[in-house]
Amino acid sequence: MTDLSVGKRLARLRDIRDLTQEQLADRAGVSVDTIRRLEQGTQRGARIATYQKLAGALDIELARLLGQPTMTQSLAPDGGVIALRAAIQAPSDLPGLDLCGADSDAPGPDDLRPVMEQAQKHYRRGQFTDLVGMLPGLVTDLKAATREAEGGPDHDTVWSMSAAAHIIVADVAAQLGQTDLAYTAVERAMHATARAGDELRHALAVSTLSLVLLRQGRWSDAQRVATSRAAEIEPRFSDRSPEKFAMFGILLLSGAVSAARANRDESDSTKDDALTFLRQAEAAAALSGAVRVRGTAFGPASVGMQATTVQVSLGHPDKALATASGVNVDELPWKISRARHRLDLAFARYQTHDDEGARDVLLTLDEEHPEWLTHQMLAASTVGGLLETERRRDRDLRKLAVRLGVDPAA
């Protein structure tokens, strides 16, 4: 169904489920006018939360409704999504199945460290093909390394590295629309952090779990796991540990985004929750400053970036643009973080009828991060909306639409 616009795809799926527009609206908790306008192509898109409600009511993955590609842009020379699934869901990992051979050639931390660093570079640049090409081998090597290091001096180090690798797998799998694989990977990450006794990386794994749950449309669960863990690790002012305040803030940001996405029926309580978590994260950033911890980063710019995302999710594009104007983009640590922020800006500009501004941002992102952009749901919904309202045939936008799985003839 990737040749259809979101509205046409929605109508087709609704027909398959034998639901009227009124019945779908009732199941999803959205207005029938929203469904009617989406199917007729007369509405300027919708928030991801609305699409997620419709997907949930149809009992399908959001990726299917939006036509999101669930494979990498190019074939990896080695490995790939199928190989990654086989590495993460290996039968030998199940209780009672001892299928592992001897680990006489198991790599040590010095062997694994440069591979981990390369994987993190690919991850921060949104280079999914390169990443899924190397992750299956890395995951397999880490399994052997953890067995070899059991009870030895490298025990905590290799288990912490295993946790870091599985967090990357979970994040990338979620962005590829492979949310079940992502959930398994984050389970493995949390197990590894427990073996390593690494509280800070465990908190990061919980934040990743919140992201995976968010991608599955489980907003309340996503908020609950993040904010509960934040409450458990909340540092005292006397701790004066930038890393602890940073991880506390990262969890609060996850809770804020989840609360904003859970904004059902324009609920004031979820809006208040989202803004409260943002204020707490801002206070944590004031205490931590810009800091890098366990392969991630946090600071005032990170809070501003996520505050923009929250305003977009709440349906306040004007506030999103105002919030974004105060973000020092140069302080965002990774290229992909800056790209994510600019994608929010593109959607906010589209929502405020600045179609030309939204188009320019999207085309620039496509030049700089073509593979990453292909897997961003917000990009697909924004491009789809722009095509429905375009006043002239825009060849560049239509080429991008094809790559994003959006019907260029919408």
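What's counted below: heavy atoms across the whole structure, side chains too, no hydrogens, waters or symmetry copies.
- Arg215 and Thr179 form no side-chain donor-acceptor contact under 3.5 Å, judged by distance and modelled atom types alone.
- Thr323 and Thr308 share no side-chain donor-acceptor pair at under 3.5 Å.
- Salt-bridge annotation for Arg340 and Asp344: present, with a side-chain N of the basic residue lying under 4.0 Å from a carboxylate O of the acidic one.
- Using a cut-off of 4.0 Å between Lys/Arg side-chain N and Asp/Glu carboxylate O, Glu150 and Arg195 are scored as salt-bridged.
- With contacts defined as side-chain heavy-atom distances shorter than 4.5 Å, the pair Val81/Leu176 qualifies.
- The closest side-chain donor-acceptor pair between Thr129 and Glu371 falls under 3.5 angstrom.
- When only modelled atom types and interatomic distance are considered, Gln118 and His122 share a side-chain donor-acceptor pair under 3.5 Å.
- Using modelled atom types, one finds a donor on one side chain and an acceptor on the other under 3.5 Å when comparing Gln175 with Gln376.
- Asp171 and Tyr123 form a side-chain donor-acceptor contact under 3.5 Å, judged by distance and modelled atom types alone.
- Note on ring orientation: taking the six-membered ring where Trp is involved, the planes of His375 and Phe128 are tilted (angle from 30° to 60°).
- Looking only at atom types and distance, the side chain of Asp198 has a donor-acceptor partner in the side chain of Ser160 under 3.5 Å away.
- Interatomic distance, Arg17 CZ to Asp15 CG, rounded to the nearest 0.5 Å: 12.0 Å.
- Side-chain contact check for Arg85 and Gln178: at least one donor-acceptor pair (N or O, by modelled atom type) lies under 3.5 Å.
- Taking 4.5 Å as the limit, every side-chain heavy atom of Val169 sits out of range of all side-chain heavy atoms of Val186.
- In summary, Lys143 and Glu148 do not engage in a salt bridge, as defined by a charged side-chain N under 4.0 Å from a carboxylate O.
- Residues Arg359 and Leu362 fail the side-chain proximity criterion, which asks for heavy atoms closer than 4.5 Å.
- The shortest side-chain heavy-atom distance between Ser210 and Leu213 does not fall under the 4.5 Å cut-off.
- In this pair, His369 and Trp372 present their aromatic rings perpendicular. The plane angle is above 60°, beyond the 30 to 60° band.
- Taking the side chain as every heavy atom from C-beta outward, His316 and Val310 never approach each other to under 4.5 Å.
- Between Arg224 and Asp221 there is a salt bridge, since a side-chain N of the basic residue sits under 4.0 Å from a carboxylate O of the acidic one.
- With no hydrogens or angles considered, a side-chain donor-acceptor pair links Arg279 and Thr276 at under 3.5 Å.
- In terms of modelled atom types and a separation under 3.5 Å, the side chain of Arg14 and the main chain of Leu19 share a donor-acceptor contact.
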